[in-house]
Student: 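The structure's right below; bear with me while I get my questions together.
In this chain, numbering begins with 1 at the start of the sequence shown.
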Amino acid sequence: MLPGIEPDGKLVWTYFEAMVHAKMPKSLLVVGSGAIGIEFASFFHTMGSAVTVVEVLPHILPVEDAEIAALARKQFEKQGIKILTGAKVMKLDKKTDSVAATIDDGKGKTQTVEFERVISAVGVVGNVEGLGLEKLDVKTERGTIVIDGYCKTSVPGIYAIGDVAGPPMLAHKAEHEGVVCVEAIKGLKPHPMDKNLIPGCTYCAPQVASVGLTEAKAKEGGREVRVGRFPFVGNGKAIALGEDQGLVKVIFDKKTGQLLGAHMVGAEVTELIQGYVVAMNLETTEEELMHTIFPHPTLSEMMKEAVLDAYGRVLNM
């Protein structure tokens, strides 16, 4: 929780109160633009609320590829969601049935705006307090328990999974950790979990999905990369669906052809991303993806076209 905007369950909500509210607010301030914040912002806007999102970082969806995040923002703003980045909520003054928010826009100006409700979506932390970890000397970092690929902690015989074991804090990550953990305890020698292969999905409109390294992270790691892109407007199925705004982006290692990351924004991309997740788990190269036949007409064709684009061989654009 951020000082000055602590949730009270009535006027200032956490994600929990946002899911069980008694009435739809006419106006809503969402503090934080990670997956939780953007999902609620998109939902409440769709249901008729006037939504404003405030994010302290330079762009929304901070863990996503910057190009994808920028395209998502463009669509959100086109729909009517107001987004302030590089901005900060300084304080909240609670009234009887509304909240006055003082917002620093990061450019030297401060404004006070009134909203019916506020959602604090600044992030999630693991619930590691009161478990006796300190007495057992279990290693923790930044409020999460340190584990290896088999979910083992620094103390033999103690394992950890889920949010307490650190990001990404996702249900499918926790479930997979549970399987790996129990198999490790049983001595079945499971495959260690690679966090770089965990897909992330944001269920907004348009949807956002990704796996692996962003373009920036790949370059920061000293990789020479090939980047391929294919827009939804070049796909017949997307046009037929009336969903021609979106992008599929892939990042390959220039020397080896390894698929380093895939990033998408658009209709049904949370379903499409798994194709790249499987490919990365199988250590598929760009050549194998190029040789794969994708059915037509489908949205999935864009996945191959993006790969072809990375190597100057795109067909349908």
Student: Salt bridge check, D253 against R223: does any charged N sit closer than 4.0 Å to a carboxylate O?
Tutor: yes

Student: Is the closest side-chain heavy-atom distance between E305 and V248 below 4.5 Å?
Tutor: no

Student: Less than 4.5 Å apart, side chain to side chain, heavy atoms only: is that true for P206 and E243?
Tutor: no

Student: Quickly, which of R73, K74, K249 forms a salt bridge (Lys or Arg N to Asp or Glu O under 4.0 Å) with E67? Name it, please.
Tutor: K249

Student: Please determine which of I83, I36, V51 meets the side-chain contact (heavy atoms from CB on, under 4.5 Å) test together with V30.
Tutor: V51

Student: Using 30° and 60° as the class limits, which term best fits the ring planes of F252 and Y311: parallel, tilted or perpendicular?
Tutor: perpendicular

Student: Is there a path of hydrophobic side-chain contacts, each under 4.5 Å between heavy atoms of I/L/V/M/F/W/Y residues, joining L11 to M24?
Tutor: no

Student: For the CE atom on M47, are there more than 12 heavy atoms of other groups (residues, nucleotides or ligands in this structure) within a distance under 6.0 Å?
Tutor: no

Student: So which of R117, E116, E114 actually passes side chain to side chain donor-acceptor pair (under 3.5 Å) with S98?
Tutor: E114

Student: For the NZ atom on K109, are there more than 12 heavy atoms of other groups (residues, nucleotides or ligands in this structure) within a distance under 6.0 Å?
Tutor: no

Student: Can you find a pair of side-chain heavy atoms, one from I158 and one from L136, that are under 4.5 Å apart?
Tutor: yes

Student: Can any side-chain N or O of S154 pair as donor or acceptor with the backbone N or O of K139 at less than 3.5 Å?
Tutor: yes

Student: Side-chain contact test, heavy atoms from C-beta onward, threshold under 4.5 Å: evaluate it for I119 versus F44 and give yes or no.
Tutor: yes

Student: Looking at K26, I'd like to know if its NZ atom is crowded, meaning that more than 12 non-hydrogen atoms belonging to other residues, nucleotides or ligands lie closer than 6.0 Å.
Tutor: no

Student: Measuring only between side-chain heavy atoms, which start at C-beta, is M193 closer than 4.5 Å to I198?
Tutor: yes

Student: Should V31 and L84 be counted in the same cluster of Ile, Leu, Val, Met, Phe, Trp and Tyr side chains packed under 4.5 Å apart?
Tutor: yes

Student: For a quick test of your reading: what N or O donor-acceptor pairs under 3.5 Å do the side chains of residues 165-184 make, sequence neighbours left out?
Tutor:
residue, atom, partner, partner atom, Å
H172, NE2, P199, O, 2.7
K173, NZ, G162, O, 3.0
K173, NZ, G166, O, 2.7
K173, NZ, E177, OE1, 3.3
K173, NZ, E177, OE2, 3.2
E177, OE1, G162, N, 2.7

Student: Is there a path of hydrophobic side-chain contacts, each under 4.5 Å between heavy atoms of I/L/V/M/F/W/Y residues, joining V113 to V118?
Tutor: yes

Student: Would you mind reporting whether I38 and F76 have side-chain heavy atoms less than 4.5 Å apart?
Tutor: yes

